[in-house]
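Order of listing sets the numbers, starting from 1, for every ligand and every atom in it.
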Amino acid sequence: MSFTADRLLLFGATGDLSQRMLLPSLCALHDDHLIAPGLTIIGTARSDFDDDSYRNFAREALDKYLPDIRKGAIDGFLGRLKYQALDATQPDHFVTLADEIGTIDQGMAIFLSTAPSLFEPTIAGLEQAGLTGGKVRIGLEKPLGTSLGSSQEINDAVSRVFSEDRIYRIDHYLGKETVQNLLALRFANIMFEPLWNAAHIEHVQITIAETVGLESRAGYYDGAGALRDMVQNHMLQLLALVAMEPPANFDATAIRDEKVKVLRALRTVAPAETVTGQYAKGAIDGAAVPGYDDELGHDSDTETFVAIKAHLDNWRWQGVPFYLRTGKRMPGRKTEIVIQFRAVPHSIFASRGAKAVANRLVIGIQPEENIQLSLMAKVPGLDRDGIRLRPVPLDIAMDDAFAGPKKRIAYERLLLDLIEGEQTLFVRRDEVEAQWTWIDAIRAGWAEHGQTPKRYTAGSWGPSAAIALTERDGASWHD
Ligand code: BG6
């Protein structure tokens, strides 16, 4: 049902995500008049705040995480906030919450980011308090389970009271402008699509490298690891956008139908085609950083790095490896996609001593967005000793191309879509389940073969086995 909610209910309103992302995003939307003046935001969590003390809490978060906001914007924004303390295991607390929220006739959007164990009691509490009717939609933040089975349990609990068109599963990578731009690059330009297949592409690389380590998330991260934290969701969504067939329309059903076909075409990966690592002490940007076990305070076999050689069993991508890698404590923060084209079928320059290097498209997603296509060009000269060719980049920096429009963070887009009811950038249940099916099989392979992570020095590109994963196919990571 199409409606713009005039109530936004934030579970986990005092958490890290709320402080760093949700409150700053909402404040920025408020300042740009992108949310209606009547939208009330009700925060809830266990902490014992009232409206005033929560507003003070929110002000501190905004001062810290949104330092450049216009003076005065924060005061206006704080006026929208209310707070109700709630223990999700206490059904009567939801009744009090419902009183605080008031009428939801215009529609309510819920943003749920709580511990997985609280999902079911929260849904049940909302239902009993009459907060799940047809004009309520729910956004679900990860982690939504740790396996196919546990994600199905959560999805079953949610879908018992919310229809799929009112469930908004969040993968914040889809909210990134740069990720959405993949669709524009592929489907608003004529020159890529005819080449976008196994006949012309030799391999694809997707890298999500981070310099951060465990941060303050030991409890969650050590139980998850890089495969479930980054590959199951963000990496596979990037892969789906790169590999999918052209959808007929830009709408939630058409795009998600195409993505899920890709996710279902993922071939089960043998353990030998994966590499796992865990960072040991090292240095990043010249500063010493401790190893994972030291940060954690005890020994652990959780992987903080994973590299995978994936394949899609369909016509378009038969035989094309998709090399995926993600890790913490890498030398730099970078998310990028590399499309390595095949060499020309016959080089007319070979007899004149020149070597043609195959074209490569590098799509930089973050920190900077840029698109770089390497083309072969002739080195100027009279060619008395033969012809020389060299790759030259055709380089587009998005910041320069679009200096005007304001850059928005992912959660601004996603919160606005949740409030207004636009599902295209949210993940459908069948996608999530295809993602988990593939991930569970990898983990089962690791368990069967007793595969444990190899140590790598913080500030390096992971274990040397990750380099071998591509080199033995004659490919190299784009570092
Ligand atoms: C989150 C992961 O989903 O994404 C984190 O849980 C990771 O471990 C983060 O650091 C990366 O997001 P971004 O937007 O900084 O690339």
Side-chain angles (χ1 to χ4, degrees), residues 12 15-22 24-25 28 65-66 111-116 139-146 151 154 168-182 206-241 276-279 284 289 292 295-296 300 302-307 324-337 363-370 398 407-415 425-427 431-432 435-436 439 453 458 462:
D16 191 54
L17 182 73
S18 178
Q19 294 177 58
R20 281 177 193 241
M21 295 291 170
L22 305 184
S25 297
Y65 296 112
L66 198 62
F111 188 105
L112 192 54
S113 96
T114 48
L140 303 176
E141 181 59 73
K142 65 178 266 215
L144 292 179
T146 53
S151 90
I154 291 172
Y168 289 60
R169 292 180 199 81
I170 293 155
D171 182 321
H172 80 277
Y173 267 55
L174 295 181
K176 292 181 192 271
E177 191 68 52
T178 50
V179 171
Q180 294 159 42
N181 207 12
L182 273 173
I206 305 179
T207 294
I208 307 182
E210 300 183 276
T211 53
V212 293
L214 194 49
E215 298 180 285
S216 52
R217 306 158 73 222
Y220 155 73
Y221 191 86
D222 197 51
L227 183 72
R228 290 186 285 189
D229 183 48
M230 296 297 282
V231 182
Q232 183 273 335
N233 40 27
H234 312 321
M235 199 88 156
L236 288 185
Q237 284 294 320
L238 291 180
L239 183 147
L241 292 172
T276 51
Q278 186 190 85
Y279 62 83
I284 292 182
V289 293
Y292 180 80
E295 273 187 64
L296 193 62
S300 161
T302 296
E303 81 286 357
T304 62
F305 173 94
V306 61
L324 314 178
R325 80 179 158 166
T326 182
K328 297 211 182 274
R329 295 290 193 216
M330 304 269 99
R333 177 172 184 249
K334 114 173 151 173
T335 300
E336 78 175 15
I337 298 168
I363 305 165
I365 307 254
Q366 62 186 21
E368 279 90 38
E369 185 184 16
N370 43 44
M398 289 298 173
K407 276 187 136 179
R408 305 224 169 243
I409 62 168
Y411 281 96
E412 287 183 57
R413 174 66 193 252
L414 297 176
L415 283 162
L425 300 179
F426 295 84
V427 186
E431 293 179 76
V432 176
Q435 291 171 179
W436 276 121
I439 293 292

Undergrad: Under 3.5 Å between some N or O of ligand 1 and some N or O of T335?
TA: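 No, T335 has no N/O under 3.5 Å of an N/O on ligand 1.
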Undergrad: If you measure from CD1 on I365 to CG on N370, what distance do you get to the nearest 0.5 Å?
TA: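 CG of N370 is found 10.0 Å from CD1 of I365.
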Undergrad: Hey, which atoms in ligand 1 end up nearer than 4.0 Å to a heavy atom of K328?
TA: 5 (C), 7 (C), 8 (O), 10 (O)
Undergrad: Just checking, is any N or O donor in the side chain of Q366 or T335 under 3.5 Å from an acceptor N or O on the other one?
TA: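 Yes, a side-chain donor-acceptor pair sits under 3.5 Å.
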Undergrad: Rounded at 0.5 Å granularity, tell me how far CD1 in I206 sits from CD in E336.
TA: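 Rounded to the nearest 0.5 Å, the CD1-CD separation comes to 11.0 Å.
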Undergrad: Less than 4.0 angstrom from a charged side-chain N to a carboxylate O is my criterion; do D229 and K142 meet it?
TA: yes
Undergrad: Can you tell me which residue and heavy atom of the protein come closest to atom 3 (O) of ligand 1, and the distance to 0.1 Å?
TA: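 Result for atom 3 (O) of ligand 1: H234 NE2, 2.7 Å.
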Undergrad: List the closest protein heavy-atom neighbour of atom 10 (O) of ligand 1: residue, atom name, distance to the nearest 0.1 Å.
TA: E210 OE2, 2.4 Å
Undergrad: First locate atom NE2 of H172, then atom CE of M21, and finally report the distance between them rounded to the nearest 0.5 Å.
TA: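 These two atoms lie 6.5 Å from each other.
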Undergrad: If we set the cut-off at 4.0 Å for heavy atoms, which region of R228 has an atom near ligand 1: side chain, backbone, both, or neither?
TA: neither
Undergrad: Which residue holds the protein heavy atom closest to atom 8 (O) of ligand 1, what is that atom called, and what is the gap in Å?
TA: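 Protein heavy atom at minimum distance: D229 OD2, 2.6 Å.
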Undergrad: How long is the span from the CG atom in D16 to the CG atom in L22, to the nearest 0.5 Å?
TA: 10.0 Å
Undergrad: With atoms numbered from 1 as shown, which atoms in ligand 1 lie under 4.0 angstrom from a non-hydrogen atom of K142?
TA: 1 (C), 2 (C), 3 (O), 6 (O)
Undergrad: Can you tell me which residue and heavy atom of the protein come closest to atom 12 (O) of ligand 1, and the distance to 0.1 Å?
TA: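 Sorting protein heavy atoms by distance from atom 12 (O) of ligand 1 puts H172 NE2, 3.1 Å first.
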Undergrad: Considering only protein heavy atoms, which is closest to atom 14 (O) of ligand 1, and at what distance to one decimal place?
TA: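 Here the nearest protein heavy atom works out to K176 NZ, 2.5 Å.
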Undergrad: Nearest 0.5 Å please: distance from the CZ atom of R413 over to the CG atom of L425.
TA: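 With rounding to 0.5 Å, CZ (R413) is 5.0 Å from CG (L425).
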Undergrad: Please say whether Y173 places an N or O atom under 3.5 Å from an N or O atom belonging to ligand 1.
TA: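 Yes, there is a polar N/O contact under 3.5 Å.
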Undergrad: Do me a favour and list the nearest non-hydrogen protein atom to atom 15 (O) of ligand 1 with residue, atom name and distance?
TA: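 Here the nearest protein heavy atom works out to R333 NH2, 3.4 Å.
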Undergrad: Taking atom types as modelled, find out whether E295 and Y279 have a side-chain donor-acceptor pair closer than 3.5 angstrom.
TA: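 Side chains of E295 and Y279: pair found under 3.5 Å.
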Undergrad: Under 3.5 Å between any N/O of E215 and any N/O of ligand 1: does that happen in this structure?
TA: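 N/O-N/O distance below 3.5 Å does not exist for this pair.
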Undergrad: So do L144 and V432 actually touch side chain to side chain, heavy atoms under 4.5 Å?
TA: no
Undergrad: Can you name the atoms of ligand 1, numbered from 1 with element, that are less than 4.0 Å from a heavy atom of R217?
TA: 2 (C), 5 (C), 6 (O), 8 (O)
